[in-house]
Amino acid sequence: GRIMAEHLVPVLLYGDKALLESFLDAVYSMQKKGTYTLAEPLEAITILLDIGDGKTCSVYLKILKYLFSKDLTYGESRNFAHLLPKAVLSFTPLKRAWQAEQLYRIILEDYHLTDPFLEGMEKGLSFLLHDALKEFVSIGLKKIKKDKPLGIKYLSLESRFGADTLLRLQTAVPLSDVRLQLARYIKAKTGAAFSICPLSQTPKNMRLEILNEHGGRPFVFSDGKFIYLPDEISLCDSYNENRNLYKCLVRLESGYHEFNSFEFDFEKALQYCGCFKDGTVPVCGGELQKDSSDPEKFFELFTIKELASDLFNIFEQGRLRIISQEKYPGLVRISSPLLFREAERIWKNENPEPLLFFLYMRIALGKEPPDSFVADVKITALVNVISGIFDKTTEKERVIETCASLVFQTYGKVEALLNENKKGDHVEDYRPFKMPFGHRLRPDLYFSANKKYEEMGKKIKAELEKRDIHVFKSEIIRRLVKKSGDLSNDDIRGIIISSREFSDPGRSNNRDTPFELSL
């Protein structure tokens, strides 16, 4: 009674009559073996329904009903009651339903094949896509009919033929295959040691956010300590193409760290844009958040902070593209077609805001959209204007704060046209622009991961300003991160000099002032 009270309720709440009938049939089948078989299998049903995976649950119930209707020994019943829920829940979430279907095929043939099949799943069958896994199982079932011992070795990947068949059918690349190589690459490129973190190891709230935004598509982002990537990539048609996509995503993300994207300084940005010279800020969206990153503070200056963020990211990717074309032309040649194809998919399937999309194509990718991508005359004209502003501005300066200047110069024009296209309605319901592969700065994550240095930077800046010495917080934090929080007097001197050089690049005695400071 307690077991049913706990696990029947989620089934009823799910509201699927066929699922309810399957649940009752499975419970009846298990109960004939004994109530000891119910607890773990039914707990898995509750978990699957809690995450909305009714498809897997339906297949899983068929497995339970059929298997426990067989003439199992007590030991076999206990083993399967523990093994099956654990196995099904371990299947890759986006593949779980059809991986469970192949398990059901195996059990229908001979439930003694369950262990070899699950052993094969752990060794690499889980990386096969739907049709490939189905083909692998079909070959295995044919072999079992001819020679059961050899068929079992095939399913468990203990035979050479099984391993070769897996290699032939596999197109998906698990992160484990390339993880060390990616970490070595980014260390060589940036000089910093990053850990590669798969989606499965992220906190639950982050994991759900990523799945909601990207589904099963590849993504990349970072927080200064970790590069976050999917557990596997199966987007392309071959193993090598998917492996190269992993490399491409890490190369793109490494540009943020190599070219100082995360060193954006709010105060530098305002000074760079010429703000506060007359005591005002050109545009303002609301009160600034104290406990947030500098880019987020900057976005808060604008009426629609999401729009400001999108423009900033487009300009920043354009900045990195220009720098990379000079330093790594091969990287741009490799990554540009991948980004273009994903952008094309977004245009066709996800209805992005046309103005932002065309700005992304022109500025971030440096490409003209194909003729099939049609925009109205006003959008085309504004894209031309903003592209001209971008080209002119980046010819003079390419620091990260350049992007803030570009947002100040263009935000009003973009918001005005968006409002006009909304036929008088304000764009407060603005839907953020979706970047290919989620490739955009995540200052919120960087801020959280480096909050210790953020607090130290604020204190050091305050101490220096008590002595009438103005410095930029970003200069302090950059050295704190590099030195793991241990600053010397020479570091303080360097912070003061670099801050003066930014504020007054023509000053001749920036390096001549003696400093004897103890903080």
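Heavy atoms only: backbone and side chains are in, while hydrogens, waters and symmetry mates are out.
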Checklist outcome for this item: Applied to residues 82-101, the salt bridge (charged side-chain N to carboxylate O under 4.0 Å, His left out) test, sequence neighbours excluded, yields D53-R96, K95-E232
Next on the checklist: According to salt bridge (charged side-chain N to carboxylate O under 4.0 Å, His left out), does anything in residues 194-206 pair up with another residue at least two apart or in another chain? List the pairs.
Outcome noted: none
Name all residues meeting the side chain to side chain donor-acceptor pair (under 3.5 Å) criterion together with [X]; count only those two or more places apart in sequence or in a different chain, and write none if there are none.
X	value
N450	none
Y453	none
R78	Y74
E326	R398

Next on the checklist: Is there a salt bridge (Lys or Arg N to Asp or Glu O under 4.0 Å) between K451 and E455? Walk through the geometry before answering.
Outcome noted: CA-CA 6 Å; K451 200 163 187 178; E455 295 301 321; 5.6 Å; no
Is there side-chain contact between [X] and [Y], with at least one heavy-atom pair below 4.5 Å?
X	Y	answer
R341	P436	no
S261	L320	yes
I3	V27	no
F312	I400	yes
C248	N244	no
I386	L311	no

Checklist entry - Parallel, tilted or perpendicular: which fits the ring planes of Y446 and F262, with parallel below 30° and perpendicular above 60°? => result parallel
Item to check | Sequence neighbours excluded - ring-ring contact (aromatic ring centres under 6.0 Å, His included) pairs with any residue from residues 138-179 | outcome: F136-Y154, Y154-F161
Test: [X] and [Y] ion pair at under 4.0 Å:
X	Y	answer
R319	E316	yes
R440	D310	yes
R431	E306	no
E342	R345	yes

[X] side chain to [Y] main-chain N or O, any donor-acceptor pair under 3.5 Å?
X	Y	value
E253	I227	no
D231	L199	yes
T402	V399	yes
K297	S292	yes
E296	S293	yes
D223	R442	no
S58	G54	no
N212	L208	no
K225	A449	yes
S29	D25	no

Check this for me: [X], atom [atom1], are more than 12 non-hydrogen atoms of other residues, nucleotides or ligands nearer than 6.0 Å?
X	atom1	answer
K247	NZ	yes
E241	CD	yes
Q325	CD	yes
K123	NZ	yes
K153	NZ	no
D237	CG	no

Checklist entry - For D147, what residues pass the side-chain contact (heavy atoms from CB on, under 4.5 Å) criterion, not counting sequence neighbours? => result P149, L150
Checklist entry - Does A81 have any side-chain contact (heavy atoms from CB on, under 4.5 Å) partners at least two apart in sequence or in another chain, and if so, which? => result T37, P41, F68
Next on the checklist: Is it the case that the ring center of F298 lies less than 6.0 angstrom away from the ring center of F266?
Outcome noted: no
Checklist entry - Are the aromatic ring centres of W347 and F358 under 6.0 angstrom apart? => result yes
What pairs meet the side chain to side chain donor-acceptor pair (under 3.5 Å) rule with one or both residues in [range], with sequence neighbours excluded?
range	value
residues 7-23	H7-T46
residues 169-183	D177-Y239
residues 328-337	E258-Y328

Item to check | Between S254 and K189, a side-chain donor and acceptor under 3.5 Å | outcome: yes
At what distance, to the nearest 0.5 angstrom, does [atom1] of [X] lie from [atom2] of [Y]?
X	Y	atom1	atom2	result
I47	L42	CD1	CG	11.5 Å
S324	Q317	OG	CD	10.5 Å
L83	D115	CG	CG	5.5 Å

Checklist entry - Taking it one step at a time, do Y66 and Y111 satisfy side chain to side chain contact (heavy atoms under 4.5 Å, CB included)? => result CA-CA 10 Å; Y66 175 79; Y111 69 82; 5.7 Å; no
Checklist outcome for this item: When L24, L61, I45 are each screened for side chain to side chain contact (heavy atoms under 4.5 Å, CB included) with L19, the one that passes is L61
Checklist entry - I314 and side chain to side chain contact (heavy atoms under 4.5 Å, CB included): which partner among I363, L406, L365? => result I363
